[in-house]
Amino acid sequence: MKSVIRTAAGGPEVLRLVERPVPEPGPGEVRVRVHVSGVNPTDWRSRRRALPPGMHEQVPHQDGAGVIDAVGPQVDLARVGQRVWIWEAAWQRPWGTAQQYTLVPDEHAVALPDHAPFELGAALGVPALTAHRALTVQDGGPGRIAPGTLRGTTVLVAGGAGAVGNAAVQLARWAGARVVTTVSGPAKAALARAAGAHRVVDYRTQDAAAEILAFAPEGVDIVVEVAPGTNTALDIAVAAQGAVVAYYSGGEDERLSVPVLATLSSNLRWQSVFVYTVPPAAKRQALTDVTAAVRAGALRVGEEAGLPLHRFPLERAADAHAALEQGVVGKVLLDIP
């Protein structure tokens, strides 16, 4: 089978296309014939780091979608032939989705409805599970995403044209929240509107705090934050009493500094969201809710859903990484032959 591997840390050039034997699933594992592999910022960032201890090579990419074609011991044989989306394939494991066949634990291959295309399945994983966690960490919040669970809640999504931002807008809307998002230009504003944001603010040309407070005079309850250090002052200015700033990313040297007395009386909270180490119960709830959203047609991809697709063949995995690293807007995918 064709596989993309890396044996060292570095730039996109460390990714190589090689031939490897088709693996056999072990106990509790399924083998998936991968149709589409999703590429996330976490993939190129991990590529820059050394391989996990004990690994001499690794196939990259956490997310993907395909069809189960074999199962190992202790797995229901009825799963063979099932369309699935894959999450955290390469987290502390050698088998990512940038190859024709991959092995994952049974629970990491989630049934994908027949109406959902493989490109949607490959775009779930890291973005949707991250967005779900960010939307469910507020004190007293519902802890789950379903129709009506966020009714009466106002959500601010920083960077609504990004993959996590797009998923957060769509999930929040499905749950009944009022959603405002910030973007950096007209093209991204159009994408955020397509995703379903009620109000879109261009922070480069508008007074972001004034625009957000005009939309939500009492402040926002949840901030899904991509740049917590950069946006600290804005988040404080627009936060409601008891709001949470759920941050999932940031620059390499970004720091978060909060003025104590100015925020003390508001009972604000900054909550880090690192999808790989989310508590197991919360992860299981996220998988349940994201799957339900897919079934309901509440999660979509493509420019008409605010998430343009950029597709590369497997042999151009390095180009896919370079495009994402250089800031292409939308979802980067590898089509697996």
Atom CD of Glu19 with >12 non-hydrogen neighbours under 6.0 angstrom: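 For Glu19, atom CD is crowded (more than 12 foreign heavy atoms under 6.0 Å).
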
Gln62 and Asn40: side chain donor to acceptor below 3.5 Å: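 The criterion, which ignores hydrogens and geometry beyond distance, is not satisfied for Asn40 and Gln62.
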
Expected output: side-chain [X] to main-chain [Y] donor-acceptor under 3.5 Å:
X	Y	value
Arg83	Pro113	yes
Arg311	Val332	no
Arg173	Gly196	yes
Asp221	Leu150	no

Only distances under 3.5 Å count here; give the side-chain donor-acceptor pairs of residues 100-110 to other protein atoms, sequence neighbours excluded, each with its distance to 0.1 Å.
unit_1	atom_1	unit_2	atom_2	d
Gln100	OE1	Lys2	N	2.7
Gln100	NE2	Pro337	O	3.1
Thr102	OG1	Trp95	O	3.4
Thr102	OG1	Gly96	O	2.7
Thr102	OG1	Gln99	NE2	3.3
Asp106	OD1	Arg79	NH1	2.5
His108	ND1	Trp87	O	2.8

Pairwise ring-ring contact (aromatic ring centres under 6.0 Å, His included) hits with a residue in residues 25-68, at least two apart: His35-Phe118, His61-His321

Summary of ring-ring contact (aromatic ring centres under 6.0 Å, His included) pairs that have at least one residue in residues 180-216, sequence neighbours excluded: none

Results of salt bridge (charged side-chain N to carboxylate O under 4.0 Å, His left out) for Arg6 - residues two or more places apart only: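 In terms of salt bridge (charged side-chain N to carboxylate O under 4.0 Å, His left out), with neighbours along the sequence ignored, Arg6 is linked to no residue.
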
Other cluster members, [X] - Ile/Leu/Val/Met/Phe/Trp/Tyr, side-chain contacts below 4.5 Å:
X	result
Leu191	Val329
Val200	Val183
Ile5	Val18, Val59

Please, which pairs that meet salt bridge (charged side-chain N to carboxylate O under 4.0 Å, His left out) have at least one residue in [range], sequence neighbours excluded?
range	result
residues 278-292	Glu88-Lys283
residues 237-250	none
residues 262-282	Asp139-Arg269
residues 238-263	none

Which atom of Pro25 lies closest to which atom of Val71, heavy atoms considered: CG-C, 3.6 Å

Nearest heavy-atom neighbours spanning Ala158 and Asn231: CB-ND2, 4.1 Å

Gap separating the CZ atom of Arg295 from the CG atom of Leu112, nearest 0.5 angstrom: 10.0 Å

Residue list, side-chain contact (heavy atoms from CB on, under 4.5 Å) with Ala298, at least two apart or on another chain: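 For Ala298, the residues satisfying side-chain contact (heavy atoms from CB on, under 4.5 Å) (neighbours in sequence not counted) are Trp174, Ala293.
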
Shared hydrophobic cluster for Leu171 and Tyr248 (ILVMFWY, side-chain gaps under 4.5 Å):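 As far as the 4.5 Å side-chain criterion goes, Tyr248 and Leu171 are connected within one cluster.
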
Stepwise side-chain contact (heavy atoms from CB on, under 4.5 Å) check, Glu57 with Ser3: CA-CA 11 Å; Glu57 69 176 41; Ser3 299; over 6 Å; no

